[in-house]
Amino acid sequence: MENNRIDYTTYHLPELEQDCWDRLVTGAVKSRTPFHTPSIATLHQGEVNLRTVVLRKTLATERELRFHTDIRSPKWQELSQNPSISALFYDAVDRIQLRVKGKAVLHHTNEITAEAWQKTSLSSRKCYLTRFSPSSYTDVSTSGLTDDIEHENFTLAESESGYSNFGIVSIQVQSIDWLWLNHAGHRRAFFDYEKGSFQWMIP
Ligand SMILES: Cc1cc2nc3c(=O)[nH]c(=O)nc-3n(C[C@H](O)[C@H](O)[C@H](O)COP(=O)(O)O)c2cc1C
């Protein structure tokens, strides 16, 4: 395994930056890859909140990452008040960590959400069909779905009501902090799109 690993010691910064985006693109399209489920951090009233999401789309040229969520969820409310966002990725096989920072742009009932909603399967639409808001407290253990919805005993047309809860968070990437763990010596680089600079760092 160790011998098959990529040797980043010969890489230059531009090709390394391209490698980051290639991995992010793969993470969005292949569910069994490590970058498919990043941790997302938001800041709300001085408190940090973290959660796992599914990376749904990577637009490398636009430096944009997207994930889907329910607009009734706390993270949506938090991001509408403070768009600062961070996404953490780790590939345990290639031993690469990406710390992505950016600003969130929230999409709701627009062209971007309409296109994505159309491609959202019946089972994924269930997430947007809970009667009460995600993260609200209940007296009993429940999915928040009716029995029919839970057992997918509903039509695509009936699932349309979930669209009003469906939101897309787009992360406009401002920087990527890349770290590679290597037994002979780690490597680290910082890609700052705000300043337009690529830098090596001491790991
Ligand atoms: C593997 C995995 C993938 C998840 N994907 C998403 C997702 O794409 N969107 C989402 O809103 N929540 C997703 N969740 C649930 C969130 O981690 C979180 O529990 C929920 O959205 C509530 O977050 P909030 O209270 O910060 O709004 C996922 C959880 C796991 C474990």
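Just follow the structure's listing: the first ligand is 1, and inside any ligand the first atom is 1.
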Per atom 4 (C) of ligand 1, closest listed option by heavy atom (Asn49, Thr52, Val169, Ile40):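 Nearest heavy atom to atom 4 (C) of ligand 1 lies in Thr52.
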Nearest to [atom], what protein heavy atom do you find, and at what distance?
atom                    : result
atom 9 (N) of ligand 1  : His68 O, 2.8 Å
atom 23 (O) of ligand 1 : Lys75 NZ, 3.3 Å
atom 25 (O) of ligand 1 : Ser135 OG, 3.1 Å
atom 11 (O) of ligand 1 : Thr69 OG1, 2.6 Å
atom 6 (C) of ligand 1  : Val53 CA, 3.5 Å
atom 3 (C) of ligand 1  : Val54 CG2, 3.9 Å

Within-cutoff protein neighbour (heavy atom, under 4.0 Å) for atom 19 (O) of ligand 1: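 It does not: no protein heavy atom is found less than 4.0 Å away from atom 19 (O) of ligand 1.
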Any Pro134 heavy atom less than 4.0 Å from ligand 1: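 No, Pro134 has no heavy atom closer than 4.0 Å to ligand 1.
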More than 12 heavy atoms of other groups within 6.0 Å of Gln118 CD: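 Incorrect, the count does not exceed 12.
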Trp178 six-ring centre to Arg23 NZ/CZ under 6.0 Å and within 45° of normal: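 Cation-pi check for Arg23 and Trp178: fails.
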Salt-bridge criterion met for Arg51 and Glu78 (N-O under 4.0 Å):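 Between Glu78 and Arg51 there is a salt bridge, with a charged N closer than 4.0 Å to a carboxylate O.
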Arg125/Glu160 salt bridge by N-O under 4.0 Å criterion: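 Salt bridge flag = yes for Arg125 with Glu160.
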Nearest-0.5 Å distance, CZ of residue Phe166 to OG1 of residue Thr69: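 Separation between the atoms: 9.5 Å.
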Exercise: do Thr130 and Arg72 side chains pair donor with acceptor under 3.5 Å: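 Side-chain D/A pair, Thr130 to Arg72: present.
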Aromatic plane relationship, Tyr8 with Trp180 - under 30° parallel, 30 to 60° tilted, over 60° perpendicular: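 Ring orientation, 0 to 90° scale: perpendicular.
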